[in-house]
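A short write-up of the structure that comes next.
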Amino acid sequence: VCLKDLDWLTFADYQQKLNELKQKVATYEYANDANKAQDQSMLDIMTNKNAIKNYLDAKTTNSLAAGQKDNAARNQLANAQLKRKQLFMMFIETIEAQEALKEYAIKIAAACKGVVKQPPGAYFGVKDFHGALDKITNRKRHCDIGDLKDAARMTIIFETTEDMVAAKSMLSLIHISEPTRPLYIS
């Protein structure tokens, strides 16, 4: 998925998700410190006006500090701001997908004698928001969201091949409408 393909971003959707994140960080009782740290980091990056400077090249940062916005600096700033909003919306979807995937994995593991192994990190393996934003703003690539393609993942370890085949059969019964990214269960 390329950023230019993400036409679904609207200001109202963005504001709603940002307000939901603010409310969550302020009031939610997190069971996992990594999840709270990820949410707080995302909120800081999205709401601190100076945070965008971390995602600009040195020349643009210096131009902005000197108050000399040439076309290149304005263009890079606007591009970084747009990518930040788009990535935020994708991260919210990815976190929701990871939570749903975790629930499926737990059910399949329980039915087929498996053990769920959760990847490290916030939300059971969702990649770091700051790191992903840094990659898509500071790299020069045609399609720069590819780094998130495996963000929603979960592993189930089975005792026998028969248990794994039974789990595969269960997965084939699940209908996922309009998948937006591959979900991996290994």
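What you see is a predicted model, and the numbers here were worked out from it, not measured in a lab.
Note: the hydrophobic cluster containing Met170 also contains Met164 (ILVMFWY, side chain heavy atoms under 4.5 Å, direct or indirect links). Ile45 and Ile52 fall into different hydrophobic clusters, defined by Ile, Leu, Val, Met, Phe, Trp and Tyr side-chain heavy atoms under 4.5 Å apart, directly or through other members. Hydrophobic clustering keeps Leu77 apart from Leu133 (ILVMFWY residues linked when any side-chain heavy atoms are closer than 4.5 Å, directly or through intermediates).
In this structure, Glu159 has no salt bridge (charged side-chain N to carboxylate O under 4.0 Å, His left out) partners at least two apart in sequence or on a different chain. Scored by the side-chain hydrogen bond (donor to acceptor under 3.5 Å, both in side chains) test, Lys168 finds no partners at all (sequence neighbours excluded). A search for side-chain contact (heavy atoms from CB on, under 4.5 Å) contacts involving Val25 returns Leu21, Tyr30, Asp39, Gln40, Leu43, not counting sequence neighbours. Applying the side-chain hydrogen bond (donor to acceptor under 3.5 Å, both in side chains) criterion to Tyr28, with sequence neighbours excluded, gives no partner residue. Here Gln16 pairs with Glu20 under the side-chain hydrogen bond (donor to acceptor under 3.5 Å, both in side chains) rule; sequence neighbours left out. A search for salt bridge (charged side-chain N to carboxylate O under 4.0 Å, His left out) contacts involving Lys107 returns nothing, not counting sequence neighbours. Looking at residues two or more places apart in sequence or on another chain, you find no salt bridge (charged side-chain N to carboxylate O under 4.0 Å, His left out) involving Asp163. Partners of Thr60 according to the side-chain hydrogen bond (donor to acceptor under 3.5 Å, both in side chains) rule, which considers only residues two or more places apart in sequence or in another chain, are Asp57, Gln76.
Thr160 is not listed as a side-chain neighbour of Lys113, based on a closest heavy-atom distance of 4.5 Å or more. Leu18 places a side-chain heavy atom less than 4.5 Å from the side chain of Thr47. Counting heavy atoms from C-beta outward, Lys102 and Val116 have side chains that stay 4.5 Å or more apart.
Here ring pair (Phe, Tyr, Trp, His ring centres under 6.0 Å) pairs that include residues 33-80, with residues two or more places apart or in two chains, are Tyr55-His130. Residue pairs that meet the ring pair (Phe, Tyr, Trp, His ring centres under 6.0 Å) test with at least one member in residues 57-88, sequence neighbours left out, are Tyr14-Phe88. Applying the ring pair (Phe, Tyr, Trp, His ring centres under 6.0 Å) rule to pairs touching residues 62-82 yields nothing, sequence neighbours excluded.
With Phe91 as the fixed residue, the side chain to side chain contact (heavy atoms under 4.5 Å, CB included) test singles out one of Glu96, Gln86, Gln38: Gln38.
A donor-acceptor pair under 3.5 Å links the side-chain atoms of Asn62 to the main chain of Ala58, judged by distance alone.
Apart from Val165 itself, the hydrophobic cluster it occupies contains nothing, where clustering links Ile, Leu, Val, Met, Phe, Trp and Tyr at side-chain heavy-atom distances under 4.5 Å.
What you find for Ala73 and Ser63 is that their closest heavy atoms are CB-CB, 4.2 Å. Annotation for Lys85 and Met46: closest pair CA-CE, 4.0 Å, computed over non-hydrogen atoms. Considering every non-hydrogen atom in both Gly114 and Ile156, the closest pair reads CA-CG2, 4.0 Å. Smallest separation of non-hydrogen atoms from Asn48 and Arg84: O-NH1, 4.2 Å.
Counting heavy-atom neighbours within 6.0 Å of Asn19 CG, excluding the residue itself, gives a total above 12. More than 12 heavy atoms of other residues, nucleotides or ligands lie within 6.0 Å of NZ in Lys24, so this atom counts as buried by the packing criterion.
To the nearest 0.5 Å, atoms CG (Asp134) and CG (Leu87) are separated by 11.0 Å. Between Leu82 atom CG and Asn79 atom CG the span is 6.5 Å, to the nearest 0.5 Å. Distance check: Asn35 CG to Gln98 CD gives 10.0 Å after rounding to the nearest 0.5 Å.
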